[in-house]
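The structure under discussion appears below in the form of structure tokens.
Naming convention: chains lettered A, B, ... in sequence-line order (proteins, then strands); numbering from 1 in each chain. The model shown is predicted, which means the values in this text are computed figures rather than measured ones.
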Amino acid sequence: MWRWLHPYAKGEASYRLLGRWLPWLTGSAVLTMMVGLIWGLFYAPPDYQQGDSYRIIYIHVPAAIFSMGTYTAMAIAALIALVWQIRTAEWAIAAIAPVGAVLTFIALFTGAVWGKPMWGTWWEWDARLTSQLILLFLYLGVIALYHAFSDSRTGAKAAGILALVGVVNVPIIHYSVYWWNTLHQGATITKFEKPSMATSMLIPLLICLLGFALMTAAFICQRLRNEILRQELHRDWAQQELN
Amino acid sequence: MIKASTWQVVKTLMRRDLKVALRRRSDIINPLLFVLMVVSLFPLAVGPGPDVLGRIAAGVIWVTALLAALLGSERLFRDDYLDGSLEQMILLPVPLPVLALAKIAIHWLLSGLPLVILAPLAALLLKLPVEGWSTLLLTLLLGTPILSALTAIGAALTVSLGRGGALLSLLLLPLFIPLLIFAAAAVEGALVGAPVVGQVVLLAGLMVLTLTLAPLAVAGAIRVSVN
Amino acid sequence: MAFSSWTEVISMGGYGFYVWLSFGISLAALAALMVHGILTRRSLQQQSKQQQQRQQRLARRKQQERSR
């Protein structure tokens, strides 16, 4: 397996591999997203409690799930970069962080907008919203640290250490915020009990989940390719690729 | 060649750091003054009534402690980095995480411990009810080592940047959040007479976890920053 | 189809503003991410072109000096 994986530690080989994946990922992502979102928006039945406002779930839940998933992916890339000194993994940190930050922002924003009709306020210090907000801060920290160094290798390694520190902290933060929330549960929140979703609502959600997964992979692919080119700009193959 | 044991090296390093720090006393005193001033701003802003002040006192003291920890944090490795002793530390035949732990200990002695000693005065100014005092001190005693350890990680990551100030706060404040939640909740629990053993044990566990893992992260960060 | 007319789709049972706001902003954010990626590639292309031109200039100058 190592002999098979080894060439991809180098920029050019992984660039070509990603280039082969990118069109398939993009195409299937656009297709599944369209099917899932249109199904969710127009064909899924309205919720008996929340009416049509629950349709926000088709963006909110996938974004929230993959905002944490990409953080894990980033931490794994950081571990590989720090332990085996593989440059592709270093660039992957820089490629994954902005995608994760955008997903976290979407989860936060849709959560807040959904909160307005449901809780009667744009921002509620709800446990899930709060821990998403902190996750956004963690992402922004990684991005800021990466760009603070003029030498991108040092930047990637420093950002990698921060991502690893963060991944140890994410569960602690998550549970502390939940615990804090149950302690301070405001009286005004009328939380809906977690309903067991009807199949007719669940299927489009699953399609949306798949769509977001594919889309996240496609975005990471695109950004990683850019990052590889940026770092290898002085090489001949990169010059040929760009002209 | 003189062979020095790890403990001897650590002892020498700590003694040197203490000596250097004690020569620049203002670096130790200024964060404490900052805490006192911020604490005395709150009654001016929200009014001096004990019902409001007493309720927010523990939270204010803890938030101020977090900010004070950020204040001096840039200096933690800066001088060692500039005069090259950080490189020497990497070359020593002593595991780097051990040296990092020594650095954290010194930082706590010079910033955490004075804060714990100052806390009763801050509590007095903010009219924290007496029932909360012992818990506040206990949480500070358990929490300030965590602050020092996390600060050391951030300082080691940004030491080669030369202008890490705002960036450092951006990196560190999210990591401080669990500490803030548990510590403030413990004091609040003590004020209403609830048992606080749970939170205190959680804080102690958090401290042990942080002090075990943070030296590794600091050592990694120093290696990245120096080369 | 859960709706019988387009006005119903737009009003979303009274929640239209919230639903369309969150869908709109989310899609806009994703589009911005994609556009940023494409623009990055374009600026890399420009950088590489500049680099090549510089190299050619240098090579030409060297040749001129040699011929002189």
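Atoms CH2 and OG, on A:Trp114 and C:Ser22 in that order, are 9.5 Å from each other to the nearest 0.5 Å. To the nearest 0.5 Å, atom CG of residue C:Leu21 and atom NZ of residue A:Lys116 are 12.5 Å apart. Put simply, CG on A:Leu233 and OG on C:Ser48 are 6.0 Å apart, with the number rounded to the nearest 0.5 Å.
Put simply, the side chain of A:Leu41 reaches to within 4.5 Å of the side chain of C:Trp20, judged on heavy atoms. Residues A:Arg223 and C:His36 are in side-chain contact: their nearest non-hydrogen atoms beyond the backbone lie under 4.5 Å apart. At least one side-chain heavy atom of C:Leu30 sits under 4.5 Å from a side-chain heavy atom of A:Met33. Using a 4.5 Å heavy-atom cutoff, the side chains of A:Leu37 and C:Phe23 are in contact. C:Thr40 places none of its side-chain heavy atoms less than 4.5 Å from the side chain of A:Leu229. Considering only heavy atoms from C-beta on, A:Ile106 stays 4.5 Å or farther from C:Ile25 through its side chain. A 4.5 Å side-chain heavy-atom check between C:Ser26 and A:Thr110 finds at least one atom pair inside the cut-off.
By the neighbour-count criterion of 12 heavy atoms within 6.0 Å, atom OH of A:Tyr43 is sparsely surrounded, having that number or fewer from other residues, nucleotides or ligands. When the shell of 6.0 Å around CD of C:Gln47 is examined, it contains more than 12 heavy atoms from other residues, nucleotides or ligands. Sparse packing is recorded around CH2 of A:Trp21, with 12 or fewer heavy atoms of other residues, nucleotides or ligands lying under 6.0 Å away.
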Ignoring hydrogens and angles, write down the donor-acceptor pairs under 3.5 Å from the side chains of residues 206-219 of chain A, residues two or more places apart or on other chains.
from     : atom 1 : to       : atom 2 : distance (Å)
A:Thr216 : OG1    : A:Phe212 : O      : 2.6

Which pairs would a plain distance check flag for residues 140-147 of chain A, meaning a side-chain donor or acceptor within less than 3.5 Å of a matching protein atom at least two apart in sequence or in another chain?
from     : atom 1 : to       : atom 2 : distance (Å)
A:Tyr146 : OH     : A:Glu227 : OE2    : 2.9

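Counting heavy-atom pairs closer than 4.5 Å to chain A, the top residue among C:Ala32, C:Ser43, C:Ala29 is C:Ala29.
When heavy atoms are compared at a cutoff of 4.5 Å, C:Gln51 approaches chain A solely by way of its side chain, counted from C-beta outward.
By a heavy-atom distance cut of under 4.5 Å, not one residue of residues 60-68 of chain A is near chain C.
Between C:Phe17 and A:Trp122, the angle of the ring planes goes over 60°, which puts this pair in the perpendicular group of the 30/60° scheme.
Residues satisfying the side-chain contact (heavy atoms from CB on, under 4.5 Å) test with C:Ala28, not counting sequence neighbours, are none.
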*asked:* With side-chain contact (heavy atoms from CB on, under 4.5 Å) as the criterion, how do C:Leu27 and A:Ile59 come out once you've worked through the C-alpha distance, each side chain's angles and the decisive distance to 0.1 Å?
replied: CA-CA 9 Å; C:Leu27 293 182; A:Ile59 302 182; 5.5 Å; no
*Please walk me through it: do C:Arg41 and A:Arg225 pass side-chain contact (heavy atoms from CB on, under 4.5 Å)?*
CA-CA 9 Å; C:Arg41 192 181 164 94; A:Arg225 266 162 65 94; 3.7 Å; yes
